[in-house]
Amino acid sequence: MSTLQTSTRLQGKKIAILATDGFEQSELLSPRSALLDAGAKIEIVSIKEGQITGWDEDKWGDKVTVDKLVTNADPADYDALMLPGGLFNPDSLRQDKDAKAFIDGFFGAEKNKPVAAICHAPWLLAEINKLRDRTITSFPSIKSDLINAGANWVDQEVCVDKGLVTSRSPADLEAFNAKFIEEILEGKHQAH
């Protein structure tokens, strides 16, 4: 499919991207673009109003406008959640009780919605105890943290475990985006 054409595969689907300053720029912009191209509605949810600034490999990057504060966002309003990585972004979010509660709202018996986390973002899932007995991947430097949180860590470009999509780094974005779209099309998954 040409990049000029947009698809309607995700029409009617609303996806939250939770991020704050220091998100790895490509890990937010690439999935957002892929989701928009597939017809989804995207909202950038954050712990701060206005704009958040990306981290572009080794320097501060582009600003992205925040659509909604996490304190005003309800997981029930979204079909899926995307968590970009970067070092600063997940470290800030995992210390914020509202951000953790928002992420937690995508998991559970009645609401196990697709969640995608790339690079350092699985730290957030470890923080809210959602990795026990789940098979995931991540940036290699946090492998031990995730194993200690009960995860079965694998080294592959994209890993899917009952609606949880994980990848290692920006190099895996194409596979990550494609799998996340597949999982959104499948909808809610059986609780773990």
Side-chain angles (χ1 to χ4, degrees), residues 1 3 6-7 9-10 13-19 22-40 42 44-45 54-57 75 78-87 89-91 93-94 103 106-107 111-192:
M1 178 179 280
T3 52
T6 45
S7 162
R9 294 193 309 158
L10 295 182
K13 301 288 186 187
K14 188 172 171 187
I15 318 301
I17 299 178
L18 178 64
F23 62 87
E24 182 63 46
Q25 187 164 295
S26 63
E27 294 173 0
L28 187 152
L29 299 183
S30 172
R32 179 177 71 176
S33 179
L35 292 164
L36 288 170
D37 286 349
I42 305 297
I44 304 294
V45 177
W55 185 256
D56 190 7
E57 294 182 24
Y78 301 96
D79 296 291
L81 173 65
M82 196 269 143
L83 300 168
L87 228 88
N89 170 59
D91 198 50
L93 293 175
R94 70 183 182 154
I103 297 166
F106 286 83
F107 293 88
K111 55 188 185 278
N112 213 40
K113 297 178 182 180
V115 173
I118 187 166
C119 193
H120 289 77
W123 256 346
L124 294 163
L125 304 176
E127 190 69 34
I128 61 167
N129 198 26
K130 296 299 176 201
L131 296 182
R132 183 141 326 276
D133 301 323
R134 302 294 290 264
T135 299
I136 64 156
T137 192
S138 69
F139 196 72
S141 68
I142 65 168
K143 172 184 175 179
S144 296
D145 294 346
L146 304 181
I147 290 171
N148 289 338
N152 171 30
W153 192 89
V154 293
D155 184 9
Q156 56 194 54
E157 71 175 356
V158 65
C159 180
V160 181
D161 183 329
K162 294 183 178 71
L164 176 59
V165 180
T166 52
S167 283
R168 300 170 299 196
S169 73
D172 302 329
L173 277 165
E174 192 174 325
F176 178 75
N177 295 344
K179 279 293 182 195
F180 188 36
I181 289 169
E182 272 179 39
E183 294 303 300
I184 294 166
L185 288 170
E186 286 179 18
K188 292 179 183 175
H189 288 68
Q190 185 140 355
H192 199 68

Locate the shortest heavy-atom distance separating [X] from [Y]; write the atom from each residue and the value.
{"X": "R94", "Y": "L124", "answer": "N-CD2, 3.3 Å"}
{"X": "I103", "Y": "F107", "answer": "O-CD1, 3.4 Å"}
{"X": "A126", "Y": "A149", "answer": "CB-CB, 3.7 Å"}
{"X": "A16", "Y": "F106", "answer": "CB-CZ, 4.5 Å"}
{"X": "C119", "Y": "S138", "answer": "O-CB, 3.4 Å"}

Which residues satisfy the side-chain hydrogen bond (donor to acceptor under 3.5 Å, both in side chains) test with [X], sequence neighbours excluded?
{"X": "N129", "result": "none"}
{"X": "T135", "result": "N152"}
{"X": "T166", "result": "none"}

Reported [atom1]-to-[atom2] distance for the pair [X] and [Y], which is rounded to 0.5 angstrom:
{"X": "L81", "Y": "F180", "atom1": "CG", "atom2": "CZ", "result": "7.0 Å"}
{"X": "L18", "Y": "L83", "atom1": "CG", "atom2": "CG", "result": "6.0 Å"}
{"X": "L36", "Y": "S7", "atom1": "CG", "atom2": "OG", "result": "12.0 Å"}
{"X": "I136", "Y": "I147", "atom1": "CD1", "atom2": "CD1", "result": "9.0 Å"}

Test item: [X] side-chain N/O and [Y] main-chain N/O as donor-acceptor pair under 3.5 Å:
{"X": "R9", "Y": "L185", "value": "no"}
{"X": "N89", "Y": "P84", "value": "yes"}
{"X": "T137", "Y": "V154", "value": "yes"}
{"X": "K162", "Y": "N112", "value": "no"}

If the condition is side chain to side chain contact (heavy atoms under 4.5 Å, CB included), which residues does [X] pass it with, not counting sequence neighbours?
{"X": "K13", "result": "L10, I15, D79, I184"}
{"X": "P170", "result": "E24, S26, E27, L173"}
{"X": "A171", "result": "S169"}
{"X": "A34", "result": "N177, I181"}

With sequence neighbours left out, which residue pairs that include part of residues 121-142 fulfil the ring-ring contact (aromatic ring centres under 6.0 Å, His included) condition? H120-W123, H120-F139

Stepwise side-chain contact (heavy atoms from CB on, under 4.5 Å) test for L164 and L125: CA-CA 10 Å; L164 176 59; L125 304 176; 3.6 Å; yes

Of all pairs that satisfy salt bridge (charged side-chain N to carboxylate O under 4.0 Å, His left out), the ones with a partner from residues 116-128, not counting sequence neighbours: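 For residues 116-128: K100-E127.
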
If a pair satisfies salt bridge (charged side-chain N to carboxylate O under 4.0 Å, His left out) and one of its residues is in residues 170-180, list it, with sequence neighbours excluded.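 For residues 170-180, and leaving out neighbouring residues, the salt bridge (charged side-chain N to carboxylate O under 4.0 Å, His left out) pairs sorted by first residue read R168-D172, K179-E182.
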
Are side-chain heavy atoms of [X] and [Y] found at a separation under 4.5 Å?
{"X": "K143", "Y": "L146", "value": "no"}
{"X": "I118", "Y": "M82", "value": "yes"}
{"X": "L87", "Y": "W55", "value": "no"}

